[in-house]
Amino acid sequence: MTNAVLQMKDIVKSYQDGESKRTILDHVNLTVNAGEFVAVVGPSGCGKSTLLNIAGMMLSPDAGTICLCGQNVSALPKRKWTELRRDKIGFIFQNHQLLPYLKAGEQLSVLLKADKKEVRELFTELNIEHLIDHYPATLSGGERQRVAIARAFASDADLILADEPTASLDSERGRHVVEMIRMEVHKRNKAAVMVTHDERVLDLADKIYKMEDGKLM
């Protein structure tokens with residue numbers, strides 16, 4: 001019995017670039033298990049975000065299969081993808097994507113219908129309990145990112161995908177945010193993939209992959 005949450009097998013993705021075809025992902029394989037925090041690094045434009053978008057079922061591969069919690073989701077209709085994204089995947093974006101008219105706690109309780117006790121618990125774990133009734137505009141970048149982490153884990157998703165979560169933060173706050181993601185992944189036995197340029201936080205990952213020429217090393 002495997003505890004693989006995400007399995008990407010022989011994933012290929014190309015784009016038309018003028019007259020020629022540019023292969024972004026060239027038979028990429030990636031397996032992430034429950035309780036595992038994986039980082040993917042590489043230069044800009046190497047395909048890291050494309051990989052994350054395919055893992056998050058926001059983009060279809062040209063070839064290859066994606067299994068989520070043991071289910072082959074590649075051939076499912078797109079409306080099923082929307083359901084699976086909502087139920088199985090939590091996203092942490094570099095620009096937070098918090099709704100300005102909802103207080104920090106409401107980003108979870110209203111949007112995800114999360115239990116208020118669970119919201120308070122998550123906010124306490126992430127050391128932002130005092131911000132539960134604050135609007136995003138009054139929070140710092142690091143605080144907003146921690147609310148976004150709480151939101152990703154409040155959905156009880158099996159897979160957490162983080163796209164450059166430290167991009168808008170200084171090194172101390174950035175490291176703190178990645179420590180929080182790692183703590184929640186291990187504590188809640190979730191699988192997580194973080195795409196990052198920030199080599200200062202790589203020691204916090206359980207496994208590091210490098211994206212180069214469309215391949216994952």
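Throughout, numbering of the chain's residues begins at 1 and tracks the sequence.
Hydrophobic clustering keeps Phe37 apart from Val41 (ILVMFWY residues linked when any side-chain heavy atoms are closer than 4.5 Å, directly or through intermediates). Leu102 and Leu108 fall into different hydrophobic clusters, where Ile, Leu, Val, Met, Phe, Trp and Tyr residues are linked whenever their side-chain heavy atoms come under 4.5 Å apart, directly or through other members. At a threshold of 4.5 Å between side-chain heavy atoms, the hydrophobic network of Ile, Leu, Val, Met, Phe, Trp and Tyr places Leu51 and Val12 in two separate groups. Under the 4.5 Å side-chain contact rule for hydrophobic residues, Val119 and Tyr135 do not share a cluster. Grouping the Ile, Leu, Val, Met, Phe, Trp and Tyr side chains by contacts below 4.5 angstrom, directly or via other members, places Met180 apart from Val195.
Atom CG of Leu30 is separated from atom CG of Leu52 by 10.0 Å, given to the nearest 0.5 angstrom. Distance CD1/Ile54 to CG/Leu59: 5.0 Å, rounded to 0.5 Å. Rounding to the nearest 0.5 angstrom, the gap separating the CG atom in Leu25 from the CG atom in Asp10 is 12.0 Å. Taking CD1 from Ile89 and CG from Leu84, the interatomic distance works out to 7.0 Å, rounded to the nearest 0.5 Å. Here the straight-line distance linking atom CZ of Phe123 with atom CD1 of Ile128 works out to 4.5 Å at 0.5 Å rounding. The NE2 atom of His176 sits 11.5 Å away from the CD1 atom of Ile181 when rounded to the nearest 0.5 Å.
Contact check for Leu204 versus Glu179: side-chain heavy atoms found under the 4.5 Å cut-off. Here the side chains of Leu202 and Thr196 are in contact, with some heavy-atom distance below 4.5 Å. Side-chain contact between Leu98 and Arg151: present, with at least one pair of heavy atoms (C-beta onward) separated by less than 4.5 Å. Looking at heavy atoms from C-beta onward, Leu76 lies in side-chain contact with Gln71 at the 4.5 angstrom threshold. At least one side-chain heavy atom of Lys187 sits less than 4.5 Å from a side-chain heavy atom of Glu125. Side-chain contact between Val147 and Leu131 is absent, with no heavy-atom pair separated by less than 4.5 Å. Contact annotation: the side chain of Ile92 approaches that of Ile149 to within less than 4.5 Å [non-hydrogen atoms, C-beta and beyond]. Side chains of Asp206 and His186 form a contact here, defined as non-hydrogen atoms less than 4.5 Å apart.
With Asn33 contributing its side chain and Glu36 its backbone, the two residues share no donor-acceptor pair below 3.5 Å. Here the side chain of Lys13 pairs a donor or acceptor atom with the backbone of Ser60 at under 3.5 angstrom. When atom types are taken as modelled, the side chain of Asp115 and the backbone of Lys117 share a donor-acceptor pair closer than 3.5 angstrom. Between the side chain of Gln107 and the main chain of Leu99, a donor-acceptor pair closer than 3.5 Å is present. Looking at Lys48, its side chain never comes within 3.5 Å of a backbone N or O of Met211 through a donor-acceptor pair. Using a distance-only test at 3.5 Å, with no hydrogens or angles considered, no donor-acceptor pair links the side chain of Gln145 to the main chain of Thr166. In this structure, Glu164 contributes its side chain and His197 its backbone to a donor-acceptor pair below 3.5 Å. Under a 3.5 Å cut-off, the side chain of Arg22 and the backbone N or O of Tyr15 do not form any donor-acceptor pair. Arg146 contributes a side-chain N or O that, together with a main-chain N or O of Leu126, makes up a donor-acceptor pair within less than 3.5 Å.
Taking every heavy atom of both residues into account, Pro165 and Ala162 meet most closely at CG-CB, 4.0 Å. Of all non-hydrogen atoms in Val5 and Ala191, the two that sit nearest each other are CB-CB, 3.6 Å. Between Pro61 and Ile11, the closest heavy-atom pair is CB-CG2, 3.9 Å. Of all non-hydrogen atoms in Ala157 and Ala152, the two that sit nearest each other are CB-O, 4.3 Å.
Applying the 6.0 Å contact sphere to CZ of Arg188 captures more than 12 heavy atoms from other residues, nucleotides or ligands. For Glu172, the CD atom counts as loosely surrounded, since its 6.0 Å shell holds 12 or fewer non-hydrogen atoms of other residues, nucleotides or ligands. Within a 6.0 Å sphere centred on CZ of Arg85, heavy atoms belonging to other residues, nucleotides or ligands number more than 12.
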Tell me, with the steps shown, if Val28 and Met8 meet side chain to side chain contact (heavy atoms under 4.5 Å, CB included).
-> CA-CA 7 Å; Val28 163; Met8 302 176 82; 5.6 Å; no
Lys80/Glu83 under salt bridge (charged side-chain N to carboxylate O under 4.0 Å, His left out): CA gap, chis, key distance, verdict | CA-CA 5 Å; Lys80 201 80 183 127; Glu83 271 172 46; 3.2 Å; yes
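Here Glu184 does not pair with Lys190 in a salt bridge; the nearest charged N to carboxylate O distance is not below 4.0 Å. The pair Asp203-Arg175 meets the salt-bridge criterion, since a charged nitrogen lies less than 4.0 angstrom from a carboxylate oxygen.
Between the side chains of Ser74 and Asn72, at least one donor N or O sits under 3.5 Å from an acceptor N or O.
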